[in-house]
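Proteins get letters first, then strands, A, B, ... in listed order; numbering begins at 1 in each.
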There are 2 protein chains.
Amino acid sequence: MRYMAKQKSKHHHGNLRSALISEGIHILEVDGVAGLSLRKIATAAGVSHAAPAHHFKGKTALLVAIAAYGFRIFTDFMQEGRENAGPGPHEQILGLCQGYLDFAEKHGALFELIFSTEIKSHADKDLQNASLRAFQLLEETCALFEPSRYAEKGNEIMVWSLVHGYATLRIHNKLMLQSDGSEMPFELILPRLDPKNSNLLK
Amino acid sequence: MRYMAKQKSKHHHGNLRSALISEGIHILEVDGVAGLSLRKIATAAGVSHAAPAHHFKGKTALLVAIAAYGFRIFTDFMQEGRENAGPGPHEQILGLCQGYLDFAEKHGALFELIFSTEIKSHADKDLQNASLRAFQLLEETCALFEPSRYAEKGNEIMVWSLVHGYATLRIHNKLMLQSDGSEMPFELILPRLDPKNSNLLK
DNA sequence: CGTTAATCTTGACGGTGTAAAGTTCAATGC
DNA sequence: GCATTGAACTTTACACCGTCAAGATTAACG
C-alpha cells in the first residue's frame, strides 16, 4: 500500500526491498523510532512478517538501509539551505546549518535514527558513503574560509559539533530559552570565521 | 545480588526501589541501552518480573529514575573536571568540558540514556532537577566570563552545544580525525571567551 | 488477635525479532 | 513442452519483552 511498484509485479511483490525502506520511513514519521517494528513495516508493505529476512540480514540491517536513505535526505536539506542563502561565506555556512536544523526539526525521528549508536556502529558501506557525503558538503562550505589557525579541519569540526549539539539539545531541552521565553537563534552562537580571499573585494 | 541491602530485609526485599536503579545502571554499563529490560533488572535484583510495577509506573518511569541518578553522576564528572583544572576562567570551562567528555566516554550507555528522547520528553520532577543542576554548573562557570555580546546566555548555549555535539559525534563518528589519524582535541575548537574583571590582574 | 494494606509472585496476553520448514512461482535447461 | 531449480514469500514456532489481573505473603496497626 501507499507505495506504487514501478514495474509490474514480477514474483510476488516486485521490489520489496525499496518498498520496505519507503514504508519504514513513513512509519518512522508517524510512530517514531520506538514504534518502528519489522512486523509493522512488513504488514505495511503487504507481506508476511518474515518476508524482510530475504532482503535484509535482520532488523538492524533494514534500519541501516533506512538510515542511509535518511542521510541523503539530510544532505539535501543542507544543500538546499545553502542555496537559499546569500553568496557570502558566512551566509553560506549559516544556510547549511539552517538546513541541518530544519531537517532535525521536520524529520525528528529520522534524525534520531541516523545518529543512533545502534546504526552508526554497524559498518555498512552504503551508509558510510551517505554519511561521508553529508560531511563533505560541510567541508566544501568551510573551504570558503581560512583554515583554523589551531588545527587542521578545526573549523569543520567546530561547526559540525556546534550545530549538531544545538540541534539535539533543542529537540529535548527547554534550556535554550532567553529570559523573554524566546528561543536562542543559532546564528547568535555561531562564531564568525575568517573568509578566504578577504583581500579581493573588501 | 551484587547489591547489599543496607537495612535487614524488612518486607520481602527491603529497599527494592533503589536496588532496581542500582541494578539498572549496572546492566546498562554491561549490555547497553538495547539490552536493558525490566525483567532483566528485576531478576538481577532477585525479585519477580512484575515486582518493579509496585515502585515504578512502567518501564519508562524506571528509566527516568535511572536517568536522574545518571544526571547526578554526570554533574559530578563536570564538577570534578573543574576542580582538577587550573584557576583561570578558560581553564575552568575547559575542565568542565573535559569532565563532560570523560563522562560520555566512560559511561557511554548512561550518556545515551539521559539524552534520549524517550527520557527527556517525560516531565519528571526529580529528573528535571538533576538536569537543571547540570546546566547550572555550566552557567556558574560561564559567569567567569563577560556575557555574550549577541544574546543573553549566548556563551552558555554555545559551549553546551559545542561540547554536547563534540561528545555525541565522537561516540559514533570517525570523522573527528586529523590527517595524521589523531583525534582532534576539544580545546582546539573551543573559542576563547572574554574573562570577566580582565582589568584587575592583566 | 484480626484487619488492612503494601509487597511480591504467578499466570496470562499481545507484541517483538528470528529461525526453520513449507509453498508458490518465474526462469532455466533439456 | 516440461521437469528442475532456486528465489521470494508464507506459515509455524520459540524465546523474550512490557503490562495487567489475581492471588499469596507479611509487616503494621488498632
Could you state the atom-to-atom distance from CD1 of B:I41 to C1' of D:dC17 in whole Å?
-> 12 Å
Side chain of B:H55 (C-beta onward), nearest among C:dC8, D:dG18, D:dT11 | C:dC8
Name the orientation class of the two ring planes belonging to A:F74 and A:W160 (parallel below 30°, tilted from 30 to 60°, perpendicular beyond 60°).
-> perpendicular
Across the strands shown, which category fits B:S37 at heavy-atom distances under 4.0 angstrom: base, sugar-phosphate, nothing?
-> sugar-phosphate
Between C:dG17 (P) and A:E118 (CD): distance, integer Å = 11 Å
Just how far, in rounded Å, is C1' of D:dT25 from CG of B:L16?
-> 15 Å
Side-chain contact, heavy-atom cut-off 4.5 Å: A:V33 with A:S116?
-> no
B:A50 has its side chain closest, among D:dT11, D:dA21, D:dC17, to D:dA21
Distance in angstrom units between A:F56 CZ and C:dG17 P, rounded = 14 Å
Taking D:dT11, C:dA12, C:dT9 as options, the one with an atom nearest any side-chain atom of B:H49 is C:dA12
Winner on side-chain proximity to B:R39, out of D:dG18, C:dG11, C:dT18, is D:dG18
Take atom CG of A:N15 and atom P of D:dA7, then tell me their distance rounded to the nearest Å.
-> 19 Å
Hey, which of B:E91, B:Q92, B:Q98 is the one that makes side chain to side chain donor-acceptor pair (under 3.5 Å) with B:R82?
-> B:Q92
To the nearest Å, give me how far apart CG (B:L38) and P (C:dT9) are.
-> 14 Å
Aromatic ring pairing B:F115/B:Y100, orientation class (parallel under 30°, perpendicular over 60°, tilted between) | parallel
Could you give the CG-to-C1' distance, from B:L62 to D:dT19, as a whole number of Å?
-> 14 Å
What is the distance, rounded to the nearest whole Å, between atom NZ of B:K57 and atom P of D:dT19?
-> 11 Å
Side chain of B:H54 only, please: which of D:dT10, C:dT9, D:dC17 is the nearest?
-> C:dT9
Approximate separation, where rounding is to 0.5 Å, of A:R17 CZ and A:F56 CZ | 4.0 Å
